[in-house]
Undergrad: 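Submitted below is the structure of interest, expressed as structure tokens.
Note: hydrogens, waters and symmetry copies are ignored here, and every other heavy atom, side chains too, is used. In what follows, every chain begins at residue 1, and chains take the letters A, B, ... in the order their sequences are listed.
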Protein chains: 2
Amino acid sequence: MPDNPQFSTRQRILGAAEELFAERGFAAASLRQVTAAAKVNLAAVNYHFGSKNNLIEEVFRRRLDELSRRRLERLAAIAKSDTTTLESLLDAFITPALELSLDREGGSVFMRVLARAFAEHNSNLRKFLSDNYGYVLKDFAVAFARLLPQLDKEELYWRLDIAVGALTYAMADFGMIKRRSGESERTHREQMAKHLIHFTAAGLRA
Amino acid sequence: MPDNPQFSTRQRILGAAEELFAERGFAAASLRQVTAAAKVNLAAVNYHFGSKNNLIEEVFRRRLDELSRRRLERLAAIAKSDTTTLESLLDAFITPALELSLDREGGSVFMRVLARAFAEHNSNLRKFLSDNYGYVLKDFAVAFARLLPQLDKEELYWRLDIAVGALTYAMADFGMIKRRSGESERTHREQMAKHLIHFTAAGLRA
DNA sequence: CTAGACTTCAAACGATTGTTTGAAACGGAA
DNA sequence: TTCCGTTTCAAACAATCGTTTGAAGTCTAG
């Protein structure tokens with residue numbers, strides 16, 4: 001896809017950068033590798049994005065704007081109901097990421113890029129993510145708090161922190177479980193999401 | 001510590017490399033930065049370790065040899081008993097890592113380096129870790145299987161995979177929870193281990 | 001004291017990094 | 001067609017990368 005001439009230079013660069021960032025990390029993926037994969041001139045990155053750092057942020061923005069919107073959309077749809085369960089809340093958080101990872105146009109690697117952002121201690125990147133998308137986690141935390149009134153604030157935050165870790169790690173496919181040969185990518189990821197919700201709900205409730 | 005002249009050149013390089021790998025990643029931490037932090041000549045790395053890749057592997061070997069030994073030691077101590085609980089198994093896995101992270105001599109950053117190894121898709125590094133330390137996870141998996149007979153093999157692997165993810169993420173301190181101002185590093189990490197065991201045990205049992 | 005192995009050092013190697021430049025090519029409006 | 005803003009291009013910038021070299025320094029065994 002990143003080298004498909006029917007897409008614009010901007011889009012091809014974003015696609016190639018996303019794949020190489022997932023594969024090699026932000027520092028190790030060079031602009032020459034990115035532009036070569038995108039079949040685009042080296043200078044195009046600085047022309048369209050200004051710098052490598054801006055390109056990195058734009059790779060996040062392209063996916064996270066819609067991902068956050070869909071998550072909050074689902075959250076709003078269930079939060080008003082008084083029959084909301086922990087599982088439905090976790091589903092509202094996970095399913096949009098699952099759909100993104102099943103997107104044909106390269107969404108499958110973005111979750112790996114996102115997980116790298118946690119591994120990077122890069123404070124600029126963390127601040128960028130927190131400033132622009134931190135409110136999503138905040139809104140979910142409020143909804144979780146309503147469903148877990150027996151937990152005091154500190155206890156709740158510990159558990160949500162651990163839950164986010166499990167989700168991040170699993171959605172990035174860092175684990176050891178490989179997709180079985182007869183199994184499609186879709187059913188593999190759906191299985192993972194199912195186990196993830198079951199496991200995390202139990203951990204939050206315990 | 002890494003620049004303390006009472007330690008050997010080898011040890012100072014390993015200490016400085018560990019810190020910089022945790023902070024910036026394997027690719028972004030240059031040998032010039034490492035040797036400068038260790039107050040050692042640039043050529044000392046290639047003299048003592050041969051190459052940057054060998055240095056990376058040696059950073060892991062220095063910590064993982066003893067960490068694996070301690071984990072299996074605790075596993076052996078409880079596995080024979082027939083009153084073994086999920087919590088005690090998780091404790092056997094987590095406590096040695098906790099002790100390492102509280103080590104005065106820089107062990108606290110190693111867990112971050114270890115988590116980076118998961119984020120890196122580097123197949124050489126993953127193979128090195130799997131070949132040399134994979135048996136530890138295998139032994140623990142057998143012990144978990146005995147305690148969770150109601151789970152079939154596939155179900156068990158999914159849950160262990162998710163559990164390892166939660167442990168890796170939390171021990172690397174990737175989460176958003178910051179140590180409270182009045183709290184020591186030790187009690188903060190002990191709190192984290194306690195919550196981690198509680199959460200994960202519930203997820204495995206659910 | 002000397003011989004010889006071990007360790008450290010400054011300097012340089014070619015390769016690669018992100019970024020900048022100015023000209024060439026492009027494409028719709030007048 | 002002529003014009004002009006937008007985009008692409010090859011080439012070069014200084015800086016930094018991992019690695020190698022050969023000499024200088026250090027230390028212990030004989």
Undergrad: For H195(B) and W158(A), take the angle between the two ring planes, folded into 0 to 90°, and tell me which bin it lands in: parallel under 30, tilted 30 to 60, perpendicular over 60.
TA: parallel
Undergrad: To the nearest Å, give me how far apart CG (L31(A)) and C1' (dA15(C)) are.
TA: 17 Å
Undergrad: Using whole Å, report how far CZ of F49(B) lies from C1' of dT20(D).
TA: 18 Å
Undergrad: What class does the angle between the rings of F60(A) and F26(A) fall in, given that below 30° is parallel, 30 to 60° is tilted and above 60° is perpendicular?
TA: tilted
Undergrad: At less than 4.0 Å, is any side-chain N or O atom of S30(A) found next to OP1 or OP2 of dT16(C)? Yes or no.
TA: no
Undergrad: Should we say atom CZ of F128(A) is surrounded by more than 12 heavy atoms from elsewhere, each under 6.0 Å from it?
TA: yes
Undergrad: Could you check how far CD1 of I13(A) sits from P of dG18(C), rounded to whole Å?
TA: 13 Å
Undergrad: For E18(B), which of R62(B), R116(B), R112(B) qualifies under salt bridge (Lys or Arg N to Asp or Glu O under 4.0 Å)?
TA: R62(B)
Undergrad: Would you tell me if any nitrogen or oxygen in the side chain of N41(A) comes within less than 4.0 Å of OP1 or OP2 on dA10(D)?
TA: yes
Undergrad: Please report, rounded to the nearest Å, how far the P atom of dT16(C) is from the NZ atom of K52(A).
TA: 15 Å
Undergrad: Does N46(B) make a side-chain N or O approach to OP1 or OP2 of dG18(D) shorter than 4.0 Å?
TA: no
Undergrad: On DNA chain D, does the nearest nucleotide to L42(A) precede the nearest nucleotide to Y47(A) from the 5' side, or the other way round? Give the residue.
TA: Y47(A)
Undergrad: For A43(A), which contact category applies under a 4.0 Å heavy-atom criterion: base, sugar-phosphate, or nothing?
TA: base
Undergrad: Could you pick out which residue, T9(B) or R32(B), lies toward the 5' side of DNA chain C when each is mapped onto its nearest nucleotide?
TA: T9(B)
Undergrad: When you measure from the side-chain N and O atoms of H48(B) to the phosphate of dT8(C), is any distance below 4.0 Å, counting only OP1 and OP2?
TA: yes
Undergrad: Quick one: R10(A) CZ to dT6(D) C1', roughly how many Å, whole number?
TA: 14 Å
Undergrad: Rounded to whole angstrom units, what separation is found between the CD atom of Q33(B) and the P atom of dA15(D)?
TA: 16 Å
